[in-house]
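This report concerns only the one structure given below.
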Number of protein chains: 2
Amino acid sequence: MKLEKGTRSYRDACGTAHALDLIGERWALLVMRELMLGPKRFSDLKADLPGISANVLTQRLDGLEATGLVRRRKLPPPGAVQVYELTDWGYEAEPIVQALGRWATRSPGHDPSLPLSATSLMLSFRTMQDPERVRGLESRIGFQIGAETFVAAIAGGRVRTERGDPTGADTIFTGAPEAIAAAVYGGVPFETLAAQGALMVEGDHALARRFATLFPLPDKAGT
Amino acid sequence: MKLEKGTRSYRDACGTAHALDLIGERWALLVMRELMLGPKRFSDLKADLPGISANVLTQRLDGLEATGLVRRRKLPPPGAVQVYELTDWGYEAEPIVQALGRWATRSPGHDPSLPLSATSLMLSFRTMQDPERVRGLESRIGFQIGAETFVAAIAGGRVRTERGDPTGADTIFTGAPEAIAAAVYGGVPFETLAAQGALMVEGDHALARRFATLFPLPDKAGT
DNA sequence: CGGCATCCGGGAAGATACTG
DNA sequence: CAGTATCTTCCCGGATGCCG
């Protein structure tokens, strides 16, 4: 842990510019994205951000902690590991992540088949849900992604996603984030993915199929 | 104009990550911010972004043009100068600028007394307006900032800002963006600023005073 | 003068290796 | 597992110069 040097600032009163002073460095906002669904440890952050190097991750976590966006916490024993979590103010950055995500899906250069973290996938359900299509639906969808589990609770015309135990959900998806994304955003049939061993769907298959229609991608920007 | 090299990408299917591929480089989003109220020429962009160097501005404009966010256009003669303007998709990034701006004003490190561009000030009125305080108000506020003019049209419970001729507005502010910001966000009395020659208010002074109360700053984030 | 291209120095990011 | 140390690469910022 060392002292920050003369942090290159925009020196601009505009809030947008100050936001970039805070989270404009490379990887900073993606680190925050990965913490949006709850605390994580260093090695999980590193694994979920392919391409980041350990020293850059250390620098970002130090910087975000110094600005009051991230806090490091020691979990109580047993398993007294150190985790990083967003502060309340850090969690308030979610609208930024959402606005960026929604806007960028209109990019002709956006490639949904690239690698994807489990957190990104769950956040994308928050971002991309279409209220028209969600209306009237009430159910719980479970996700088993590697060792992590999540639940999407559909009620009151909204899809809410969070970490949680999927047992008892109406349907459960098991597979890598990329496979679930292929089904939801790529329109790849479950059977195709199941045949590859990439995806397993348990419980109400009709519900699973309907779930995959709730998140339409916007049109690509033309010129 | 040269070919882009291997642009360092996050290679992540997440929309947020792709957005950062598009506008995550230093200055990129601030260039777009400066174009949000209409086309500008190179030298105006450079002047309104203190600290940017000409070559970086060139690189950003080239990059934004290549990704389809900015277009360069030749104004018809006379005065056939070249200007840069956002594409439709580029203008759709305004919610991002807004979300960043709103969020960052909660930062304890935010200093509203720093330099500010006229565009930033006008956009901040869009971002920070409080519907409760605006309700019932109907008027037109003019701004003369250097050689640029703007109008804030208040109607239907909303403040709309754009470039425009302020003649005939109910009240007109004349001064630097920093002076107007000091009045609106810093609570500095008009008289103080007028005594310094920093601000002039013409027309309905009561309206001007009320206008300055429409944009409350949120509480600072505490841990 | 506006709109760049070129060259240079410093510093941040990326990759790899190493340590408690 | 959670970082640190080192080295290399590349981007950013500043200065200068070209060219319509």
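Every chain is numbered from 1 and lettered A, B, ... according to where its sequence line falls, protein lines coming before strand lines.
- Comparing atom distances between the B:Trp27 side chain and each of D:dG13, C:dG14, D:dA2 picks out D:dG13 as nearest.
- Of the listed nucleotides (C:dG3, C:dC4, D:dG13), D:dG13 has the atom at the smallest distance from the side chain of B:Val56.
- The aromatic rings of A:Phe173 and A:Phe211 sit tilted relative to each other, their planes meeting at an angle between 30° and 60°.
- For B:Glu94 and B:Arg126, the salt-bridge test passes: some basic side-chain N is under 4.0 Å from an acidic carboxylate O.
- For DNA chain D, the stems formed by at least three consecutive Watson-Crick or G-U pairs, with both atom-pair distances below 3.5 Å, span C:3-20 with D:1-18.
- Ranking C:dA13, C:dG3, C:dC4 by closeness to the A:Glu25 side chain, first place goes to C:dA13.
- Looking at B:Arg163 and B:Thr149, their side chains never bring a donor and an acceptor atom within 3.5 Å of each other.
- Near DNA chain C, meaning a heavy atom under 4.0 Å away, there are no residues from residues 10-18 of chain A.
- Using a cutoff of 4.0 Å between basic side-chain nitrogens and carboxylate oxygens, A:Arg33 and B:Asp12 are scored as salt-bridged.
- A:Ser43 comes within contact range of the sugar-phosphate backbone alone, with a heavy-atom separation under 4.0 Å but no base atom that close.
- At a cut-off of 3.5 Å, with distance as the only test, no side-chain donor of B:Ser113 or B:Glu178 sits close to an acceptor on the other residue.
- For B:Arg60, counting side-chain heavy atoms from C-beta on, the closest listed nucleotide (D:dC11, D:dG3, C:dG3) is D:dC11.
- Taking the side chain as every heavy atom from C-beta outward, B:Lys40 and B:Glu85 never approach each other to under 4.5 Å.
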Taking N or O atoms only and anything under 3.5 Å, show me the protein contacts with nucleotides 16-20 of chain C, one pair per line.
none

